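Structure first, then comments.
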There are 2 protein chains.
Amino acid sequence: MAGMINATEGMRCSHAFLSCEEALPVFSKEDLPDVILLDIGLPGMSGIQGIEKFKELSPSTLVVILTVYDDNDKVFNALCAGASGYLLKDSPPEKVIEAIKEVLAGGAPMNMQIAHKVLGMFAQFKPKKANYGLSEREKEILQYMVSGLTKQQIADKLFLSFHTVNTHLKNIYTKLHVNTRSGAVSKVYEEHLL
Amino acid sequence: MAGMINATEGMRCSHAFLSCEEALPVFSKEDLPDVILLDIGLPGMSGIQGIEKFKELSPSTLVVILTVYDDNDKVFNALCAGASGYLLKDSPPEKVIEAIKEVLAGGAPMNMQIAHKVLGMFAQFKPKKANYGLSEREKEILQYMVSGLTKQQIADKLFLSFHTVNTHLKNIYTKLHVNTRSGAVSKVYEEHLL
DNA sequence: AGAGAAATGCCACGAACGCGGTATAGTGAA
DNA sequence: TTCACTATACCGCGTTCGTGGCATTTCTCT
């Protein structure tokens, strides 16, 4: 791959390493690359951690993942850690060169299948459904409960009697099929209510 | 755009509408398209709602957004609603044709800038790695609390004394800087602990 | 060997909660 | 005009929680 890059007009592969541990010390110097091509199935430090370390040292350096792993978890974590692209090892070298150009142009190179996975994650992320028939008032009160207030504090905030809040809370519990505050709060996050 | 599509080998644009409201009735029939090219800045029903409606009627139909809007919110919501691709209106028609082919091949066509935004969202999504120094046992107990159990129930589950759970909970509250169950549970979800 | 963290256990008290009731007023649909 | 829903308000009982304190054991790391 390094040879391929060096053979490309306007590109130079300054270093190549077998692990993040070897690469990081070199990085401390002023010789910062524009792009890092990184595998994530590495001996020692995982590539995911590597991304974070590299990004700490040089936030402007773009990290493109090039690996054989395509499971949702690895993809998700790599992107969360700050990767700017994700390619699979079955990509032909020309595609990799192309990807480097793309990421430098402000893009986000991804394999077709990875891009598909990524969009799929969004759908998973916000399946805003499951309507328990909460009234507006109940949602409002639930909101305050989620933020950690007690019944009395909620009552004060909404200029209601303590007893009213109490009743609302009872109804909320019934509708959500829970019987503790923590259960209700969990349900709110778990099912993206409110 | 319809002309362009019909001029392409193997493609046919069966319908074209000015709004989702016009398109949906036609959809009820058995004449389901493989791909819908959809704007999201529409009169009446927003394109975002449109995606959901289309997907309900025909889950296998792939929706590709083609619009001028590139703000994070619209992109995010469109993808959550089930879009399989996102193009900007400044894309040349050939790119659109290419995108249709790509989405049919199981891909997720996106403009360079959109892809970049999408990856950026992930980084936003999970940089919250605040470490409160919770011990393993504390995390375990917190987990059970999140699922809605009472102190006594947790104690039973872990074969501990009620008092032990009590102490752990006290320590957890201190470390998380909260003083209610709901506050703790919220923090867990809000900052992706555990 | 000794310090420190973690896990475990116990006590007690006031505050908050969960849940069983009941009741009134307003709104909008059947 | 009922009927159902919603928001409001009140009561009381037993349970659970939050918090103050203290003590023991078992690790790990130095």
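Here the structure is a predicted model, which means the values were calculated and not measured. Numbered from 1 within each chain, the chains take letters A, B, ... in sequence-line order.
Residues B:Phe122 and A:Phe122 bring their aromatic ring centres within 6.0 Å.
Of all heavy-atom pairs spanning A:Ser182 and B:Val185, the tightest one is CB-CG2, 3.7 Å.
Note on A:Thr164: a base of the nucleic acid sits closer than 4.0 angstrom, heavy atoms only. In this structure, A:Leu169 reaches neither bases nor backbone, as no heavy-atom distance under 4.0 Å exists between it and the strands shown. The residue A:Tyr173 sits close only to the backbone: its heavy atoms come under 4.0 Å of sugar-phosphate atoms, none of a base. Backbone-only contact: A:Thr180 has heavy atoms under 4.0 Å from sugar-phosphate atoms and none from a base.
Residue B:Asn166 places a side-chain atom within donor-acceptor reach of the base of D:dT19, judged by atom type and a 3.5 Å distance cut-off alone.
Nucleotide D:dT16 holds its C1' atom 7 Å from the CZ atom of B:Phe162, rounded to whole Å. We find that CG of A:Asn171 is positioned 9 Å from C1' of D:dT6, with the value rounded to whole Å. Look at NZ on A:Lys139: it is 15 Å from C1' on D:dA7, rounded to the nearest Å. Atom CD1 in A:Ile172 sits roughly 12 Å away from atom P in D:dT6 (whole-Å rounding). Atom pair B:Met145:CE and D:dC17:P shows a separation of 10 Å (rounding to whole Å applied). Rounded to an integer number of Å, the gap from CD of A:Glu138 to P of D:dT6 is 7 Å. In this structure, B:Lys170 places its NZ atom 7 Å from C1' of D:dG21, rounding to the nearest Å. Protein atom CD of B:Gln152 is 19 Å distant from nucleotide atom P of D:dG14, rounded to whole Å.
For the atom pair OG1 (A:Thr164) and CG (A:Leu169), the distance works out to 12.0 Å, reported to the nearest 0.5 Å. Between A:Glu56 atom CD and A:Leu24 atom CG the span is 9.5 Å, to the nearest 0.5 Å.
For B:Thr150 and D:dT15, the shortest distance from a side-chain N or O to OP1 or OP2 is not below 4.0 Å. Within the 4.0 Å cut-off from OP1 or OP2 of D:dT8, not a single side-chain nitrogen or oxygen of A:His163 is found.
In this model, a donor atom of one side chain and an acceptor atom of the other lie less than 3.5 Å apart for A:Ser91 and A:Asn111. Side-chain contact, A:Glu190 with B:Tyr189: a donor N or O sits under 3.5 Å from an acceptor N or O.
In this structure, of D:dG21, D:dC17, D:dT8, it is D:dT8 that holds the atom nearest to the side chain of A:Leu160.
The span of DNA chain C lying next to chain B, judged by atoms under 4.0 Å from heavy atoms, is bounded 5' to 3' by C:dA6 to C:dA12.
For B:Asn77 (side chain) and B:Asp73 (main-chain N/O), a donor-acceptor pair under 3.5 Å exists by modelled atom type.
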